[in-house]
2 protein chains.
Amino acid sequence: MPRSETSLFPPFGVTVDLVVLTVREHALSALTIRRGEPPFQGAWALPGGFVREGEGLEAAAARELAEETGLDRLPVHLEQLATFGDPGRDPRMRVVSVAYLVLAPDLPAPRPGGDAAGARWSSVGELLGDGGRLAFDHARILEDGVERARSKIEYSSLAAAFCPEEFTVGELRRVYESVWGVALDPRNFHRKVTGTPDFLVPTGGTTTRQGGRPAQLFRRGSAEKLNPPMLRPEA
Amino acid sequence: MPRSETSLFPPFGVTVDLVVLTVREHALSALTIRRGEPPFQGAWALPGGFVREGEGLEAAAARELAEETGLDRLPVHLEQLATFGDPGRDPRMRVVSVAYLVLAPDLPAPRPGGDAAGARWSSVGELLGDGGRLAFDHARILEDGVERARSKIEYSSLAAAFCPEEFTVGELRRVYESVWGVALDPRNFHRKVTGTPDFLVPTGGTTTRQGGRPAQLFRRGSAEKLNPPMLRPEA
DNA sequence: CCAAAAGTGTTCAATGTACACCCATGA
DNA sequence: TCATGGGTGTACATTGAACACTTTTGG
């Protein structure tokens with residue numbers, strides 16, 4: 001809430017950074033781009049960019065997402081994550097970055113857009129492990145995004161955002177197992193999700209794409225909260 | 001994550017706004033200040049102000065809090081809430097505001113500091129009801145802060161941040177009842193909080209300040225998460 | 001004595017957990 | 001036929017909900 005002060009307000013650059021998560025090959029993965037320019041030239045970073053004049057924060061995040069993935073109407077979840085503004089987090093100038101969290105189904109290979117020299121999915125384990133060297137404070141931002149996703153699928157129906165439009169109970173369970181890194185009992189999981197009203201809507205179809213007995217296909221239901229929550233084993 | 005672009009980045013003002021909550025007279029209340037200058041001169045608003053050059057966001061929030069309350073070392077909880085940056089949210093210029101949530105015990109009467117013309121506590125019911133007319137988009141920010149507080153005391157030990165250093169189980173229960181606006185069973189509540197390991201640490205003392213049989217005094221324990229969570233009646 | 005708040009015990013229902021078991025497909 | 005994943009039934013332990021009851025103060 002600004003109030004006029006004797007000195008002029010200091011000007012800041014404002015950017016949005018995106019933590020775009022998906023589940024690929026049984027691993028929680030994040031979208032990264034290779035920086036084409038200094039600082040951190042050649043390093044991997046989260047996608048993002050400056051907020052434009054007259055542009056809202058969420059609109060800026062959606063625009064950057066479309067630019068980086070090359071897709072326009074994505075079936076994704078987008079929410080604000082947190083804001084990072086330590087002095088010195090960008091060596092060039094004072095920049096405040098509003099981070100957004102995006103949960104997406106396994107997407108086609110990313111098409112680098114804008115001024116990025118490359119784009120790829122990497123498992124968050126690699127990105128945050130010893131080998132990972134993300135530019136700026138992006139490791140910290142990614143950590144926060146992963147933690148948010150891990151805790152939020154406990155008590156919301158958000159895990160379905162990682163699944164394609166139609167999915168099976170087993171596929172949804174593998175999302176939980178990948179994000180949490182644990183094994184869940186398939187039978188109790190099935191009862192839990194099918195027993196929660198308005199969580200899953202059967203489409204009538206079935207599939208055998210996972211092998212074994214044909215599984216029913218579902219769409220996301222209208223329920224947004226999962227009550228009682230899915231319990232995460234201690235791991 | 002900034003990248004150089006052909007056009008210069010647009011400069012933004014960056015502020016912090018504070019949602020300072022406490023429980024007074026059985027009502028969840030927020031700290032507001034009366035604006036001494038336009039725009040919204042004379043209107044009530046959340047405390048806040050510009051982030052200074054070279055100052056971190058959380059540091060700016062802590063500074064503003066100290067300035068507005070006149071107290072320095074407060075036994076409070078402070079966490080980032082969300083960031084609001086719609087174009088036009090401030091009529092003078094483009095401003096992005098990082099909101100912080102503060103939970104405090106019932107404090108001495110606020111001392112207006114800085115350029116505020118007054119400061120007071122008001123129940124959030126009044127502030128957000130028909131009569132409430134907060135400046136800027138502060139009603140929206142306050143709503144988000146209240147919702148965060150309401151949901152967070154479910155699964156964390158944060159409710160104790162509303163209590164003085166030493167408190168009774170009954171006082172803690174009244175915090176939950178005030179924040180949620182429901183009645184809880186005193187007996188089951190007692191069992192729940194005293195049965196959660198490291199949530200409450202008995203100090204050995206007792207008090208009769210609430211009348212009736214003397215109650216044990218406790219301090220906050222080291223546990224930060226409440227598992228299983230406190231269940232909020234549907235209300 | 002009575003009112004008020006603290007604290008304990010007990011019972012019942014709901015829910016999670018573990019696991020035996022059957023089903024329907026592809027190879 | 002067998003392996004694989006889908007799906008149901010059931011017994012047991014844990015937890016929350018409701019509430020009767022005792023304890024210890026102040027007025």
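Note on naming: letters A, B, ... go to the chains in the order of the sequence lines (proteins, then strands), and numbering restarts at 1 for each one.
For the residue pair B/Ser97/B/Thr15, the side-chain donor-acceptor check at 3.5 Å is satisfied. There is no side-chain donor-acceptor pair under 3.5 Å between A/Thr32 and A/Arg34. A donor-acceptor contact closer than 3.5 angstrom links the side chains of A/Glu171 and A/Gln210.
Checked by atom type and distance alone, the side chain of B/Lys192 pairs as donor or acceptor with a backbone atom of B/Pro228 at under 3.5 Å. A/Arg148 places a side-chain N or O within 3.5 Å of a backbone atom of A/Leu81 that can act as its donor or acceptor partner. A donor-acceptor pair under 3.5 Å links the side-chain atoms of A/Ser123 to the main chain of A/Glu126, judged by distance alone. Between the side chain of B/Trp44 and the backbone N or O of B/Ala135 there is no donor-acceptor pair closer than 3.5 Å. Of the possible donor and acceptor atoms, one in the side chain of A/His138 sits under 3.5 Å from a partner among the backbone N and O of A/Leu46.
Comparing B/Thr194 and A/Leu231 against DNA chain C, the residue whose closest nucleotide sits nearer the 5' end is B/Thr194.
Other residues, nucleotides and ligands place more than 12 heavy atoms under 6.0 Å from the CD atom of A/Glu79. The number of heavy atoms from other shown groups lying within 6.0 Å of CD (B/Glu224) does not exceed 12.
As judged by a 4.0 angstrom heavy-atom cut-off over every strand, A/Arg209 is placed among residues making no nucleic acid contact.
For DNA chain C, the residues of residues 183-191 of chain B within the heavy-atom distance limit of 4.0 Å (strictly under) are B/Arg187, B/His190, B/Arg191, sorted by number. Across residues 217-229 of chain A, not one residue has a non-hydrogen atom less than 4.0 Å from an atom of DNA chain D. Shown for residues 150-170 of chain A: residues whose heavy atoms fall under 4.0 angstrom of DNA chain D, namely A/Gly170.
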Pair B/Leu200-B/Val169, side chain to side chain contact (heavy atoms under 4.5 Å, CB included): steps then yes or no: CA-CA 9 Å; B/Leu200 297 179; B/Val169 172; 4.2 Å; yes

Stepwise ring pair (Phe, Tyr, Trp, His ring centres under 6.0 Å) check, A/Phe189 with A/Tyr176: CA-CA 10 Å; A/Phe189 182 89; A/Tyr176 277 91; 5.5 Å; yes

Candidate pair A/Thr22 and A/Asp106, rule side chain to side chain donor-acceptor pair (under 3.5 Å), full reasoning: CA-CA 6 Å; A/Thr22 195; A/Asp106 197 354; 4.6 Å; no

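A/Arg174 has its CZ atom 10 Å from the C1' atom of D/dG6, to the nearest Å. Rounded to an integer number of Å, the gap from A/Glu171 CD to D/dG7 P is 11 Å. Atom pair A/Leu200:CG and D/dG7:C1' shows a separation of 14 Å (rounding to whole Å applied). One interatomic measurement links the two molecules: CD of A/Gln210 to C1' of D/dG6, which rounds to 11 Å at whole-angstrom precision. The CE atom of B/Met230 sits 14 Å away from the C1' atom of D/dA17 (whole-angstrom rounding). Between A/Leu172 atom CG and D/dG7 atom P the separation is 12 Å, expressed in whole Å.
Between A/Glu165 and A/Arg220, no side-chain nitrogen of the basic residue sits less than 4.0 Å from a carboxylate oxygen of the acidic one, so the salt-bridge criterion is not met. The pair A/Asp17-A/Arg140 does not meet the salt-bridge criterion, since no charged nitrogen lies less than 4.0 angstrom from a carboxylate oxygen.
Overall, the helix from C/dC1-D/dG27 to C/dA27-D/dT1 carries an axis bend of 0° between its ends, with five pairs at each end and the value rounded to 10°.
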Protein-to-nucleotide contact annotation, 5' to 3' order, nucleotides 22-27 of chain C [B base; S sugar-phosphate only; - none; under 4.0 Å, heavy atom]: -BBB--

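Residues passing the salt bridge (Lys or Arg N to Asp or Glu O under 4.0 Å) test with A/Arg133: none are found, sequence neighbours excluded.
In terms of phosphate contacts, A/Gln216 brings a side-chain nitrogen or oxygen within less than 4.0 Å of OP1 or OP2 of D/dG7.
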